[in-house]
Amino acid sequence: QVQLVESGGGLVQAGGSLRLSCAASTRTFSSYAVGWFRQAPGNEREFVAGISRSGGWVYYADSVKGRFSISRDNTKRTASLQMSSLKFEDTAVYYCAATVIAGASRRQNDYNYWGQGTQVTVSS
């Protein structure tokens, strides 16, 4: 069983930045690819960014490409999502998730473990 705990959410003005972190309980964190997802009120949860087990492969949703950056530190068992140039439409609960699929996935059903989420609110 893998527990994931997100942190770093909060209230920020449009154009600002936030850094989300995801801490994993497992010592085999490097065996999992990580994805970040988000869910805005009234919307379905959507893929934001993914990173492979080693961190050598990353990819993003078109809506955040060039503004968000995903990274990981396997020695610390953490993954991060650096968010810049935030927009009102980035407001959502952000979740990190772990999958045994090596290169991560855009599909929610491919993820085995989920965190509880952290709220990000961008004021316009």
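- No side-chain donor-acceptor contact under 3.5 Å links Asn74 and Ser30.
- Annotation: side chain of Lys76 is not in contact with side chain of Phe29 (no heavy-atom distance under 4.5 Å).
- A side-chain donor-acceptor contact under 3.5 Å links Arg77 to the backbone of Ser25.
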Inset, instruction - For Gln82 and Ser21, run side chain to side chain contact (heavy atoms under 4.5 Å, CB included): C-alpha distance rounded to whole Å, both residues' side-chain angles, the deciding distance at 0.1 Å, then the answer. - result: CA-CA 9 Å; Gln82 178 67 46; Ser21 294; over 6 Å; no
Inset, instruction - Mind running side chain to side chain contact (heavy atoms under 4.5 Å, CB included) on Tyr32 and Thr99 for me, showing each step along the way? - result: CA-CA 5 Å; Tyr32 298 89; Thr99 175; 5.9 Å; no
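- In the hydrophobic cluster analysis, where Ile, Leu, Val, Met, Phe, Trp and Tyr join through side-chain heavy atoms closer than 4.5 angstrom, Val58 is grouped together with Val48.
- Counting heavy-atom neighbours within 6.0 Å of Gln116 CD, excluding the residue itself, gives a total of 12 or less.
- One N or O on the side chain of Tyr59 and one on the backbone of Ser105 form a donor-acceptor pair closer than 3.5 Å.
- Under a 3.5 Å cut-off, the side chain of Thr26 and the backbone N or O of Val2 do not form any donor-acceptor pair.
- Within the 4.5 Å cutoff, no side-chain heavy atoms of Arg72 are placed close to those of Ser80.
- Here the closest heavy-atom approach between residue Ala97 and residue Tyr111 is recorded as CB-CD2, 3.4 Å.
- Both Leu20 and Val12 belong to a common hydrophobic cluster when Ile, Leu, Val, Met, Phe, Trp and Tyr are linked at side-chain heavy-atom distances under 4.5 angstrom.
- Under a hydrophobic-cluster definition in which Ile, Leu, Val, Met, Phe, Trp and Tyr are linked whenever side-chain heavy atoms come within less than 4.5 Å, directly or via other members, Tyr60 and Val122 are assigned to the same cluster.
- Salt bridge status for Lys87 with Asp90: absent, with no side-chain N to carboxylate O gap under 4.0 Å.
- With Arg45 contributing its side chain and Gln39 its backbone, the two residues share no donor-acceptor pair below 3.5 Å.
- You'll find the side chain of Val120 reaches within 4.5 Å of the side chain of Met83, heavy atoms only.
- The backbone N or O of Gly10 lies less than 3.5 Å from no partner atom in the side chain of Gln119, so there is not a single donor-acceptor pair.
- Judged by distance alone, the side chain of Thr118 and the main-chain N or O of Gly9 form a donor-acceptor pair under 3.5 Å.
- Within a 6.0 Å radius of CD in Gln3, other residues, nucleotides and ligands contribute 12 heavy atoms or fewer.
- Residues Leu4 and Cys22 have side chains in contact (heavy-atom distance under 4.5 Å, counting atoms from C-beta outward).
- For the pair Glu6 (side chain) and Gly117 (backbone), a donor-acceptor distance under 3.5 Å is present.
- Rounded to the nearest 0.5 angstrom, Thr91 OG1 and Leu11 CG are separated by 8.5 Å.
- The aromatic rings of Phe47 and Phe37 sit perpendicular, their planes meeting at an angle over 60°, well past the 30° parallel limit.
- A cation-pi arrangement is absent between Arg38 and Tyr95 under the rule of less than 6.0 angstrom and at most 45 degrees off the ring axis.
- The two residues Ala33 and Ala102 make their nearest non-hydrogen contact at CB-O, 3.5 Å.
- The closest donor-acceptor contact from the side chain of Asn112 to the backbone of Val100 lies under 3.5 Å.
- Side-chain contact check for Phe68 versus Leu86: some heavy-atom pair is nearer than 4.5 Å.
- Although no hydrogens or angles enter the test, the distance criterion places a donor-acceptor pair under 3.5 Å between the side chain of Ser52 and the main chain of Trp57.
- No donor-acceptor pair closer than 3.5 Å links the side chain of Tyr94 to the backbone N or O of Ser7.
- With hydrophobic clusters built from ILVMFWY side chains whose heavy atoms lie under 4.5 angstrom apart, Ile51 does not share a cluster with Ile101.
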